Number of protein chains: 2
Amino acid sequence: MKYSVVVVDDHTLLSQAIESMVNTFDKFKVLYTCKNGGEVQEKFQASPRNIPDIVLVDVNMPVMNGIETTEWIVANYPNVHVLALSVEDADGTILKMLKAGAIGYLLKDTQKEVLEKALLEIMENGFYHTRNVTNLLLDSVSGKSSKNQVNFKENEIKFMRLACSELTYKEIAERMFLSPKTIDGYRDSLFTKLDVRNRVGLVMYAIKNKIFTP
Amino acid sequence: MKYSVVVVDDHTLLSQAIESMVNTFDKFKVLYTCKNGGEVQEKFQASPRNIPDIVLVDVNMPVMNGIETTEWIVANYPNVHVLALSVEDADGTILKMLKAGAIGYLLKDTQKEVLEKALLEIMENGFYHTRNVTNLLLDSVSGKSSKNQVNFKENEIKFMRLACSELTYKEIAERMFLSPKTIDGYRDSLFTKLDVRNRVGLVMYAIKNKIFTP
DNA sequence: AGGCTAAAAGGGGTTTTTCCTGTTTTTTAG
DNA sequence: CTAAAAAACAGGAAAAACCCCTTTTAGCCT
């Protein structure tokens, strides 16, 4: 009897490649792959037989979906273990994933054997070793990372994306059908909320947090 | 008898995952994987047994190594087919890969079956269908892409990286031990060279071209 | 209806950026 | 060594960005 795994990644090629890899492991078998959190919900709800033992979630999905997905799985299927896969770097995101209930994370430079070992550890001990480090990590970095659960409004997101272009604020205002002064307001409030000094800081935040993808 | 494939990607997890996938294909077998172009050179030169039929090169390797690797393979081993794998987007890079002699490219959303089909086509027809499109592409976009072989000086690179921070130009000048007016000069010349209007445009260029990694 | 709150808009100021025009200094090549 | 090229530097003006603080507007509440 093999343990069942589900892979969640918006890049088809990658999720399928990881599927192939996991399928070479003795004790594991991929049930299916998903392109995003929504698909996970559908599949899970479609049939209780489809609930896997482990879900491998890619951190890098647009607009925080990696985190939301993890939260949803942890809340609704507490017996399912979520393992975060960070193909690209993702700074604070990885901490948020852990906080959301992921049981461990693996970086892009992981060896195949390490992944297999991690999966085995999870099933046999209930956790992967990073779990121990997690809380310490969360505490030590919490000042910066854990309370940064910033909630954006629609317009703020829209504005941030436009700010990642060469448009002036005046031009952004036109495109959003708002007064330049309102845009000034958006900018200023985001500056303080995100603790940045200028537009470049805002742009970097948007990129790091997948609000804008270059 | 199976065709041999080599996977080049700096992300161990991904190259191994793709290895597993390719190994499930009937007619293909992965010889080994490499983390960068240098490793490819070593392996190729070590023994003629190491020369594969196809090399899968990830576009996203820091500082243009995807392109250099492709050029080297094409120049030294013309019988080896290079297929570019673009896990993340890479804009002009993909055109450069094709120009460097890659025989086709596959995007992140490729289906497993498509990859297998592409590999088969390459071995049986000598090219993957994108090859036909390549030259047209290169011509049609050449105005923007092919002549954009911009060469940067050390200081320009350094400046661009600093411009991707929240520093003002005056502060950048201090860190580079130069007059603010010199920095003005760097900026203005880069603006015209890269055809951007402002600092955000510069930042975006730096990120897209892997000069700065967020 | 009055009061509360949040989004939108505005006034007016300083600083930084952008875009010209140059000049001086340093490097390079013959 | 010298002419030419490249790099560093500058003055000044206009635009954009940044910052603080106030007012209007719109929706909600009981």
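Nothing here was measured: the structure is a model prediction, and the numbers come from that model. Values below: all heavy atoms of this structure, side chains included; hydrogens, waters and symmetry mates excluded.
- Side chain of Thr182(B), nearest nucleotide from dC18(D), dC9(D), dT18(C): dC9(D).
- If you measure from atom CZ of Phe191(B) to atom P of dT18(C), you get 4 Å, rounded to the nearest angstrom.
- Around atom CZ of Arg197(B), more than 12 heavy atoms belonging to other residues, nucleotides or ligands sit under 6.0 Å away.
- Note on ring orientation: taking the six-membered ring where Trp is involved, the planes of Phe44(B) and Tyr77(B) are perpendicular (angle over 60°, cut-offs 30° and 60°).
- Asp9(A) places no side-chain N or O within 3.5 Å of a backbone atom of Asp58(A) that could act as its donor or acceptor partner.
- In terms of phosphate contacts, Asn155(A) brings a side-chain nitrogen or oxygen within less than 4.0 Å of OP1 or OP2 of dA8(C).
- One can place CD1 of Ile183(B) at 18 Å from C1' of dG11(D), the figure rounded to the nearest angstrom.
- Between the CG atom of Asp188(B) and the P atom of dA6(D) there is a distance of 18 Å, given to the nearest Å.
- Without hydrogens or angle criteria, Ser15(A) side chain to Val8(A) main chain gives no donor-acceptor distance under 3.5 Å.
- Taking atom CG of residue Leu167(B) and atom P of nucleotide dC18(D), one finds them 14 Å apart after rounding to whole Å.
- A salt bridge does not link Glu19(A) with Lys112(B): every distance from a Lys NZ or Arg NE/NH1/NH2 to an Asp or Glu carboxylate oxygen is 4.0 Å or more.
- Rounded to an integer number of Å, the gap from CD of Glu174(B) to C1' of dA8(D) is 17 Å.
- Proximity of Tyr186(B) to the phosphate of dA7(D): no side-chain N or O atom is located under 4.0 Å from OP1 or OP2.
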- Task: Start with the C-alpha distance between Leu202(B) and Leu190(B), add both sets of side-chain angles, then the distance that settles side-chain contact (heavy atoms from CB on, under 4.5 Å), and finish with yes or no.
- Result: CA-CA 8 Å; Leu202(B) 196 62; Leu190(B) 282 171; 3.9 Å; yes
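- Between Tyr205(B) and Phe152(B), the ring-plane angle classifies as perpendicular under the 30° and 60° cut-offs.
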Could you run down the sub-3.5 Å N/O contacts of the protein with nucleotides 12-16 of chain D?
| unit_1 | atom_1 | unit_2 | atom_2 | d |
| --- | --- | --- | --- | --- |
| dG12(D) | O6 | Lys181(B) | NZ | 2.8 |

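- Between the axis at the start and the axis at the end of the helix from dA1(C)-dT30(D) to dG30(C)-dC1(D) there is an angle of 40°, using five pairs per end and rounding to 10 degrees.
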Restricting to nitrogen or oxygen on both sides, can you table the protein-nucleotides 21-27 of chain C pairs closer than 3.5 Å?
none

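- Listed nucleotides: dA7(C), dC19(D), dA7(D). Nearest to the side chain of Lys153(B): dA7(D).
- For the pair Ser179(A) and dG10(C), the criterion of a side-chain N or O lying under 4.0 Å from OP1 or OP2 is met.
- Side-chain atoms of Asp10(B) do not come within 3.5 Å of backbone N or O of Asn36(B) as any donor-acceptor pair.
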- Message: Determine whether Val30(B) and Ile18(B) satisfy the following criterion, side-chain contact (heavy atoms from CB on, under 4.5 Å), listing intermediate values before the conclusion.
- Response: CA-CA 9 Å; Val30(B) 172; Ile18(B) 289 180; over 6 Å; no
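- Residue Leu178(B) has its side chain nearest to dC9(D) when only dC18(D), dC9(D), dA8(C) are considered.
- Put simply, CD on Glu171(B) is 13 Å from P on dC18(D), counting in whole angstrom units.
- Rounding to the nearest 0.5 angstrom, the gap separating the CG atom in Leu194(B) from the CG atom in Asn209(B) is 8.0 Å.
- Interatomic distance, CZ of Phe28(A) versus CG of Leu119(A), reported as 4.5 Å (0.5 Å rounding).
- The distance between atom CZ of Arg187(A) and atom P of dG10(C), rounded to the nearest whole Å, is 15 Å.
- No engagement by Phe177(A) is indicated, since no non-hydrogen atom pair under 4.0 Å with the nucleic acid exists.
- Taking atom CG on Asn198(A) and atom C1' on dT18(C), their separation rounds to 15 Å, with Å as the unit.
- Taking the six-membered ring for Trp and thresholds of 30 and 60 degrees, Tyr186(B) and Phe159(B) have ring planes more than 60 degrees apart, a perpendicular arrangement.
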